[in-house]
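For reference, the structure is listed below as structure tokens.
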Protein chains: 2
Amino acid sequence: MTRSEENYLKTIFHLGGGDAKSITTNAIAEQMETKPSSVTDMAKKLSEKGLVDYVRYQGVSLTDSGVKTALSIIRKHRLWEVFLVKKLDFTWDEVHEVAEQLEHIKSEKLIDKIDELLDFPKYDPHGDPIPTKDGKFQERDEKLLSEIPINSQGVCVGVKDSSVPFLKFLDKNKIALGNTIKVLDKEDFDNSLRIQMDGKEMRISHQIAANLYVKKND
Amino acid sequence: MTRSEENYLKTIFHLGGGDAKSITTNAIAEQMETKPSSVTDMAKKLSEKGLVDYVRYQGVSLTDSGVKTALSIIRKHRLWEVFLVKKLDFTWDEVHEVAEQLEHIKSEKLIDKIDELLDFPKYDPHGDPIPTKDGKFQERDEKLLSEIPINSQGVCVGVKDSSVPFLKFLDKNKIALGNTIKVLDKEDFDNSLRIQMDGKEMRISHQIAANLYVKKND
DNA sequence: AATTAAATTTAGACAAAACTAAAAATAGAT
DNA sequence: ATCTATTTTTAGTTTTGTCTAAATTTAATT
């Protein structure tokens, strides 16, 4: 399994191809910043290896074996992210790039020991669930902050957009996972929200609220 | 800097090409289990990048820039080895293979933080010195056990051969770095040694003694 | 149903890193 | 100094993963 093959599997999984849904070569190419023709080549290769189902002009979807492989890479990526934050004091906006490299290290013992060192975390620094060794996901009842009713509240558990600018914005505004946020009011005009957090009130745009996952607790 | 280029620089350094001594393509090929013609190709490439001096039919030696790069890779390799042993309970015969992969991770912050986490170790699990960030080596006055006189003693500080079989042999015979070993007698016939360690006497072959570094302390 | 626009694949090319086989240079021995 | 054996390089091929440009298929519209 080459690094490139692993990256394709991961991307197809993230685009939803894990549920046998067919993903177009174009979508994959755009996500990976490569050309559709390159994706076609790789689709054939992965298909021959039994990792994806590929139908010409239709797209690809992961086979069971492909899902299993994708999950093991995602597991490694997220565990390394936790390691970087918890053990080496990286910030949550610094970890992705390094984890993209570390996820390709081939050693089952290594990742199992990292898992143990971290005391078997269930979520990564962005709130994304870490698949278990046997490929199971921790399901969680989470909603976007933009979608819970006025006067309800929840604990911030994850981000939908984990880009560096968004994460830095959250830091600057002291919005962190674990914080409890209450929706006080919604502005019809632009869908911005008035919220309460740590006893303080603030206003956030719809853009922000639509990229924050919360777990309702009332 | 590709992974392959890094591996060549590391090998040239280990073969002694750091002291401007010229290393033959054959020697490099043998060490890396590849073909001399492949080495020639890479020699040209590294030469164009200013990392080695290459003279046709003569061999290669590292430039200052090449030495610096080689040391940074060796530094990473050895720090990761310490990490694996100290933090993840790997044995000293398991670390090399994984460190071969980890040494190529590109993140200065990562390796500096690992260094800090380990409290700036000076030697790796096999007793090899870890270059500092600015490329300096910890020099140590060490001798092969086979070369110290009868009735002298020293602390075991490193291994010359760090192959898995040799390391396992040492484990089996309870020979570990840090142990004090006294040479009681030498057999002229086969150069084997009678030694004392932990109060117990044992006999070891010349082969073994010639691959154990000790620091004399009397 | 025909036409056109968009998406997708094919064909051919390229760069990196390796290989094989043949050619060239070096070093050792007489 | 010449010959020969060894070492080293060159030339040409292969594989992996990518690209461009051209051809093909699909989808959308009339």
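In what follows, chains carry the letters A, B, and so on, assigned in the order in which the sequence lines appear, proteins first and then strands, with residues in each chain numbered from 1. Everything numeric here is computed off the predicted structure, so don't read it as measured data.
Atom CE in A:Met42 sits roughly 14 Å away from atom C1' in D:dC19 (whole-Å rounding). Rounding to whole angstrom units, CE of residue A:Met32 and P of D:dC19 are separated by 10 Å. Between the CG atom of B:Asp41 and the C1' atom of D:dT10 there is a distance of 9 Å, given to the nearest Å. B:Asn26 has its CG atom 13 Å from the P atom of C:dA27, to the nearest Å. Rounded to an integer number of Å, the gap from OH of A:Tyr54 to P of C:dA7 is 16 Å. Atom pair A:Arg56:CZ and D:dT24:P shows a separation of 12 Å (rounding to whole Å applied). Nucleotide C:dA24 holds its P atom 19 Å from the CD atom of B:Gln58, rounded to whole Å. If you measure from atom CD1 of A:Ile28 to atom C1' of C:dT8, you get 12 Å, rounded to the nearest angstrom.
Note on A:Ser4: only backbone sugar-phosphate atoms sit closer than 4.0 angstrom, heavy atoms only; bases stay farther off. Within the nucleic acid shown, A:Ser37 comes within 4.0 Å of at least one base atom, counting heavy atoms only. B:Thr25 comes within 4.0 angstrom of sugar-phosphate atoms only, judged by non-hydrogen atoms across all strands, and of no base.
Ring geometry, A:Phe83 versus A:Trp80: the interplanar angle exceeds 60°, so the pair is classed perpendicular (tilted spans 30 to 60°).
DNA chain D is contacted by both A:Tyr57 and B:Thr24; B:Thr24 maps to the nucleotide lying nearer its 5′ end (nearest heavy atom per residue). Annotation: of the two residues near DNA chain D, B:Val39 and A:Thr34, the 5′-most nearest-nucleotide partner is B:Val39.
In the model, B:Asp124 has no side-chain atom that pairs as donor or acceptor with a side-chain atom of B:His77 under 3.5 Å. Counted by atom type alone, B:Asn26 and B:Thr24 present zero donor-acceptor pairs between their side chains at under 3.5 Å.
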Practice prompt. Check the pair A:His126, A:Glu81 against side-chain hydrogen bond (donor to acceptor under 3.5 Å, both in side chains), reporting the backbone distance first and the verdict last.
Written response: CA-CA 9 Å; A:His126 312 108; A:Glu81 286 195 342; 3.2 Å; yes

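Listed pair B:Thr40 / D:dT9 meets the phosphate criterion, a side-chain N or O lying under 4.0 Å from OP1 or OP2. Not one side-chain nitrogen or oxygen of A:Tyr8 sits closer than 4.0 Å to the OP1 or OP2 atom of D:dT16.
Listed for the A:Arg75 side chain is no donor-acceptor partner under 3.5 Å among the backbone atoms of A:Asp134.
Set against D:dT20, C:dT20, C:dT9, the side chain of B:Lys35 has C:dT20 as its closest nucleotide.
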